[in-house]
Structures are given as C-alpha cells and as structure tokens.
2 protein chains.
Amino acid sequence: MPEIHNHSTCVQTALTQAAQLCTERGVQLTTIRQQVLELIWADHHAVKAYDLLERIKPLQAAAKPATIYRALDFLREQGFIHRVESLNAFIGCCDLKTAHEQLLLICKKCENVEERHADLVMQALAQELQKAKFIAHSKAIEIHGLCADCTQ
Amino acid sequence: MPEIHNHSTCVQTALTQAAQLCTERGVQLTTIRQQVLELIWADHHAVKAYDLLERIKPLQAAAKPATIYRALDFLREQGFIHRVESLNAFIGCCDLKTAHEQLLLICKKCENVEERHADLVMQALAQELQKAKFIAHSKAIEIHGLCADCTQ
DNA sequence: AAAGTTATGTTATATTGTAACAATTATTTT
DNA sequence: AAAATAATTGTTACAATATAACATAACTTT
C-alpha cells in the first residue's frame, strides 16, 4: 500500500469488480457474501474468521461460524480474497482482473499485508518447478517482516 | 526426495546432526525432543501435532498437547524442523548445516514434502523485497501440486 | 406451480494451539 | 556436596480455528 491511498476508492473498486464478475459467472454475490467481502476490505490487515463473525453480527444477528466460513469459501473460489496461511487469516485480493500469483508481504508492526506481482520471482519459481518436474496447483509465498513505512 | 533413497540413513543423519548441534549450542536434546524429532522423520510427509501426540503416547504415556507443542517449538527454534503453514503440520529440515530458506513442494497425491534450496528464486525474491523496501524476518514458500513421481 | 439447485439456519463437534501453575530435573554457584 | 538458579516436564483447563450434518429457505429452470 502506498502511504497515500484513498481507501474508499480501493474498496469500491474491489466490490464493484466482484459484483461484475459474479454476474459474468452466473454466481450470486448474496448479502452475506458482500458484507463479508466489505468487512475484509475494511483495511489492509489480514482478518481472522472469528473477528469477521463478531463484526458481522450487528448486520446478521443469526451469524454462526459456518456463515462466515461458507462466505469465505465462496470468496476464495471466486478469487476475491486470499487466505494468509501463516496467519490463519484473510485479505482482499487487489487484482481481480488479471490472473496472478500472490506474493504477500506481511508487516509485523503495522500488520498491513501488501500483495505484489513479483513477476521475476514467479518466473524463477516456474523454472525451479520445471527442474523439479513438479506440477503446481497453488502457490503461497508469504514473507513476514517490516514494511517500508515501519522501518524508518 | 529421489525415488531411491535410503531413508534410515536420511533419518540417522538428521538425528546425529541435531544431537551435535545441540551440544555445540549448549541446549538439551531431551528424550521427548528426540522422540518427537524421530517421529517427524518417520517419513517425508508433513505430520500434524495431534498425530505426533498419538504416536508418542506408547513411549510417553503422560504426553499431552503441551508436551508436543513444546518439543515442536524447541525443534523449530533450533532449525531442525519446518512448520508447513498451509497444512498446519511439520517436517524435518533436510539441511541442518547450511543456513537456507525453504521452498516446499507439497504433493497432493503421495503427500511427500520436498525441500529445495532454489537459489534463483531466493535471489529474485531478495531483489523484489529490496524494491519493496521490506525487511524480511521469515519466508514461507509453499507450492501444492503433483510431484515428479506422481505425474506419470 | 413443481422440481431441482443453491444458499442459509442451526446444532453439535472436530481440530489446532495456549495459558498458568505445580513438580521435577539439570546446571551453576557457593 | 549443598544450595540456588534455570530449564524442562506434568497437569488442568481452555481458547481459537474449522467442519459435519441435516433442516429450512430462497432462487432458477422447466
């Protein structure tokens, strides 16, 4: 995330694109799913499932763990969010339009998660996988440390 | 893992090196810790904490979750094992001597986990991190898919 | 409208991981 | 060797994360 960034635009773009993709794909962005997606986009931190559960309760009094996990499953299948494996948490995907692999930079201090394309890394990785004769289905590259803003 | 590999040698090396490093470092490779390390090295699959708990019970009747998690913490601190974040599981580290980053190739079929150095990937990653001005403390690169043996 | 599909409600439970404090064992200091 | 200190383990309880299974409701297609 650049220091200066208009977050409401950021969220609006994500929600609009998600809605559009759902229409194209003939799948339903139901109220619950949209609310979960909005809650995930509240900031650039990774959010835990049970935090989402607490946050959605004012909107969906009947919400239970399954409510959240089902919405998360859907949003992941559609590629709208990523699971941060090393945190058991979730973040909104910054680039719904172009298919891409995710390199996640997770700051220990501000807890922001930045998603980067990192084409060169992915290229080197593809080579390495070829060498290993390994057919990749999914890739998780998660780096923990300190982001640019937090290392002054 | 190469198809042909003498696993008992593989395990022996890991255990011997671990014991030696513990002596050098002045830390204790206690019975429990050694047993957990051996159980992790039983094969090249990632092992779950509660599976380890079941497997250690014949040897340590009093074993409880904390018993396992403490041993796992120790073994990780010493760099003898890795946590596979995307599986909530653990594997033995194949290279105790040279410090290195881990690229983990996780086969969905045979469930073997192969650890590779992947210097080119790490180099590209270092460049990307520099570009992002991100100071890395830990790196998890986990690829799920089909290994060479399972793609015939 | 009926049938089929998709989504949600609901209860219960499985899985993964930690906190806190007591008891024991190992190591260092006297 | 005895005492003091540190490290490890025992033990109980519980927190946090995630899924299964089945009932009900809502949409879609015919």
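Computed from a predicted structure; not experimentally measured. Note on naming: letters A, B, ... go to the chains in the order of the sequence lines (proteins, then strands), and numbering restarts at 1 for each one.
Looking at B:K131 and A:R116, their side chains come closer than 4.5 Å, going by heavy atoms from C-beta outward. No side-chain heavy atom of B:V113 sits under 4.5 Å from any side-chain heavy atom of B:H44. A:I91 places none of its side-chain heavy atoms less than 4.5 Å from the side chain of A:V47.
Distance CD (B:Q28) to C1' (C:dT24): 12 Å, rounded to an integer number of Å. Whole-Å rounding puts the B:R33 CZ to C:dA26 C1' distance at 12 Å. Look at CD on B:Q35: it is 16 Å from P on D:dT8, rounded to the nearest Å. Atom CD1 of B:I32 and atom P of D:dT11 are 11 Å apart (whole Å). Atom CD in B:E85 sits about 14 Å away from atom P in D:dT17, given to the nearest Å.
For the contact set between residues 46-62 of chain A and DNA chain D, defined by any heavy atom under 4.0 Å, the members are A:K48, A:Y50. For the segment residues 68-81 of chain A, the set of residues with a heavy atom within less than 4.0 Å of an atom of DNA chain D comprises A:Y69, A:R70, in numerical order.
Minimum atom distance to the side chain of B:T30 is reached by D:dT9, of the listed D:dT9, C:dT8, D:dT17. Taking every side-chain heavy atom of B:K64 into account, D:dT12 is the closest of D:dT12, C:dT6, C:dT27.
Ion pairing between A:E111 and A:K109 fails under the 4.0 Å rule for side-chain N and carboxylate O.
Between B:F74 and B:F80, the ring planes lie perpendicular to each other; the angle is over 60°, past the 30° to 60° tilted range.
Side-chain atoms of A:Q20 and A:E24 include a donor-acceptor pair closer than 3.5 Å. In summary, the side chains of B:H144 and B:K108 do not present any donor paired with an acceptor at a separation below 3.5 Å, with no hydrogens or angles considered.
Of all non-hydrogen atoms in A:A148 and B:A132, the two that sit nearest each other are CB-O, 3.8 Å.
In terms of position along DNA chain D, the nucleotide closest to B:T31 lies nearer the 5' end than the nucleotide closest to the other residue of the pair B:T31 and B:P65.
Under a 3.5 Å cut-off, the side chain of B:K64 and the backbone N or O of B:A62 do form a donor-acceptor pair.
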